[in-house]
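This report refers to the structure that appears directly beneath it.
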Amino acid sequence: MEDYARIVFHSFQEILFVEIKINVSYLKHFVTPTNKSSSNMEAVKEAPIPAMDSLTAAMKNNIVPNQEYLLQGSVLDSAVEVLLHRLRGLCDNVDSGPETFHDHEMCFSIRSVTPQPLTLRVRRAIDYLDMPYQLRYIGQPELGDKSRPTILRNSIDVATTPTIVDFLTEMGFRMDFEYILRGYMFRKGRMKITVSKIFKMMVVGKPAPESVDPISQSYLVELSVLAPSNQDAIAEDMRVFAEQLKPLVHLEKVDYKRLTQPPIGIFEVYLETLKIKCFINKKKKELAVEGVLKVVTISDDDGPSLSLKLSITHSGFKELRSKEFSSLNGNTKLESGVMFSFISILLS
Amino acid sequence: MGVTIIQQFPMKENRTGAQIIEFLTKRVNALGAKQCGTFLVDCETYASIPQLGVQRTLHVFHNSEQPASVFAILDNGTGKTVPVVADALFDLLLLKMSSVYTSKKSKVEIRGPRFELNDFVIKIGAININHNVKGIIVEAEYRPCVVFGLCWDMLREFLQGFLGSCVSNIPPHYFQNRMNDIFQPLDTIQQYLDHITIYRKATGILQPFNTTNT
């Protein structure tokens, strides 16, 4: 087993990816010819290694890909074509073009004695129904200090049979939410780049195209590598790659803690006064932020509803950000999904 | 991948597990079978914590015949069982669940020699529960066929040929509603679970089973 671990460390990056998926005890069957008729003594020597022991050995030798290096960003729908074009030029799969994907993700959680619930995600391909389901554990993201170029989070990715949904439900897990992801996947060496759109499902468990609704007018862009621990060199490669995508998309370390705090009490748009008013609940303290709206375009082609592009400036926000809304009426209260994505853009 | 059936072989009072394995090894060798290494099937059982309500039981299996897979069978406590087959890293994920599912500390291991005889694979294993030998299990696989109903008669005859009358003429209970299904590695594991459940319920070591003198 020692020999095996050494080979992996010296091999090329692609090979590492393939080999770490293979159980160590399985490889032993290739290494040791087992077709010899043997005495009891030899049989003991050839005995299969218990799965838990080979897993422990794999963990010790750092060949289990359980760390994810991640950078995230987003682009508006109108800009996605330019980004895809750029990625097509930069990434490996030039000839075949970008690979598309259409996934359905469900997030399950279970409560135990600890206050923090255990969360697991199940993902399945809608466009390839015979593909295995992916069960995934994602740990708390570590942002680290400025010197660390990417987010680092624990990640365990397991392919399973489709029974996993029923299995988790019967185990006592409850489904918290589900959504659809549709987009493109690129490769650059060990790096994976996805450009995808998130859709809300209007009917629970029904991912049919007619019953889904995009949650925002932008695409999520993710740059990630799943690797064994202590491979920090890859993070530097990712930083360099992210630089090459600027200014089309800014891939950053997104601070989830800021996003998961429910930031909004009320969010109102007053068209008459061209003012935006939102109350942000932060540590039980209500903070009212009032920014100035600049209406960039207003079109009233579709009767009474308006479409407008808002940009907001406030001393609390470093940069000026803008966001396009359509179909707003006077004094509209925006629904929470839209508010959330707007606030995320403001805070990011 | 073929069809696999699992058969218990009765323990004799005055014989150890190793002696019975040796005795059966001689028989299969006489048939012309060649030993090809050994095999190992293990099972760890977990129970849900009381806070989750009805106690659920989770059995997690590994089989050296499918070394990259983990087989998990969940019993939800009200008679429903859900199996799942996953990659080897599923074990790592289970460790994350240790606050809700705790190990019952009754590890089961079935190990012994593995033989090949043309289209057949024969495995003779001693079943160890917490390191005590509880019995002998014989696994026979007929590789060219994947439907139980089509090769059961031959498998039965084959097993009876070297195990004798302990092999029943009636198909194993597990297959009674699955005669014409395509056989999967999970079916082997389900049969192991059935046998392990019988052994766990039994008290004492070296208790004879299947001693029907027909």
Side-chain angles (χ1 to χ4, degrees), chain A residues 21-29 32-40 42-52 54-56 58-59 64-66 110-114 116 118 120 132-133 135-137 139 154 156-173, chain B residues 18 22 25 29 33-40 42 44 48-49 51-54 56 58 60-70 72-78 80-93 95-101 107 109 111-116 186:
Chain A
K21 279 262 171 196
I22 302 171
N23 191 306
V24 178
S25 66
Y26 187 63
L27 280 166
K28 201 170 165 5
H29 288 284
T32 326
T34 53
N35 52 353
K36 270 187 263 162
S37 155
S38 53
S39 71
N40 270 355
E42 271 179 306
V44 170
K45 242 194 326 191
E46 289 171 4
I49 306 153
M52 280 316 272
S54 58
L55 185 69
T56 318
M59 286 298 286
V64 177
N66 60 353
I110 194 166
R111 285 193 183 277
S112 63
V113 278
T114 53
Q116 193 75 28
L118 171 70
L120 293 177
Y133 282 39
L135 174 65
R136 191 162 194 218
Y137 165 84
N154 206 293
I156 304 171
D157 233 326
V158 187
T160 75
T161 47
T163 44
I164 189 68
V165 175
D166 203 11
F167 184 84
L168 290 179
T169 313
E170 294 300 342
M171 267 187 99
F173 280 84
Chain B
E22 207 167 306
T25 299
N29 278 337
K34 292 261 182 296
Q35 188 176 346
C36 300
T38 57
F39 81 104
L40 168 66
D42 65 50
E44 183 87 65
S48 61
I49 55 167
Q51 286 86 339
L52 282 182
V54 188
R56 300 156 169 100
L58 175 64
V60 180
F61 282 86
H62 301 95
N63 187 350
S64 56
E65 202 70 23
Q66 284 89 27
S69 301
V70 178
I73 300 170
L74 178 80
D75 182 342
N76 78 343
T78 55
K80 185 179 174 187
T81 60
V82 189
V84 77
V85 186
D87 274 355
L89 283 189
F90 189 78
D91 287 321
L92 212 57
L93 220 147
L95 296 178
K96 301 283 178 195
M97 295 187 200
S98 56
S99 59
V100 267
Y101 278 79
K107 193 163 175 75
E109 276 191 347
R111 37 164 107 233
R114 177 186 184 277
F115 302 90
E116 284 183 15
L186 183 64

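Chain A is the first sequence line, chain B the second, and so forth, proteins listed ahead of strands; every chain is numbered from 1.
When the options A:Leu135, A:Asn66, A:Leu55 are evaluated for a side-chain contact (heavy atoms from CB on, under 4.5 Å) with B:Leu89, the one that passes is A:Leu55.
B:Phe115 does not touch chain A: none of its heavy atoms, backbone or side chain, sits under 4.5 Å away. Contacts of B:Ile49 with chain A are made by side-chain atoms alone, with heavy-atom separations under 4.5 Å and no backbone atom involved. The part of B:Leu52 that comes within reach of chain A is its side chain, from C-beta onward, which places non-hydrogen atoms under 4.5 angstrom from that chain. At a 4.5 Å heavy-atom cutoff, the contact between B:Arg111 and chain A is made by side-chain atoms alone. Proximity to chain B (any heavy atom under 4.5 Å) is restricted, for A:Leu118, to the side chain, taken from C-beta onward. If you measure heavy-atom distances from B:Leu58 to chain A, the contacts under 4.5 Å come from the side chain alone.
Considering only heavy atoms from C-beta on, B:Val84 stays 4.5 Å or farther from A:Leu168 through its side chain. Between A:Thr169 and B:Val82 the shortest side-chain heavy-atom distance does not fall below 4.5 Å. Looking only at side-chain heavy atoms (C-beta outward), A:Ile110 and B:Met97 stay at 4.5 Å or farther from each other.
For the atom pair A:Arg136 CZ and B:Leu93 CG, the distance stands at 11.0 Å (nearest 0.5 Å). Within the model, atoms CG of B:Asn76 and CZ of A:Phe167 stand 11.5 Å from one another, a figure rounded to the nearest 0.5 Å.
Residue with the most contacts toward chain A among B:Leu92, B:Asp91, B:Asp42: B:Leu92 (heavy-atom pairs, distance under 4.5 Å). The choice from B:Gly112, B:Gly53, B:Pro83, B:Gly77 that makes the most heavy-atom pairs within less than 4.5 Å of chain A is B:Pro83.
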Evaluate side-chain contact (heavy atoms from CB on, under 4.5 Å) for A:Met52 paired with B:Glu44, printing each intermediate quantity in order.
CA-CA 10 Å; A:Met52 280 316 272; B:Glu44 183 87 65; 5.8 Å; no
Please evaluate residues A:Asp166 and B:Lys80 with respect to the criterion side-chain contact (heavy atoms from CB on, under 4.5 Å), reporting the C-alpha separation (whole Å), side-chain torsions for both, the decisive distance (0.1 Å), and the verdict.
CA-CA 11 Å; A:Asp166 203 11; B:Lys80 185 179 174 187; 3.2 Å; yes
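Across A:Val158 and B:Ala86, no two heavy atoms sit closer than the pair CG1-CB, 3.7 Å.
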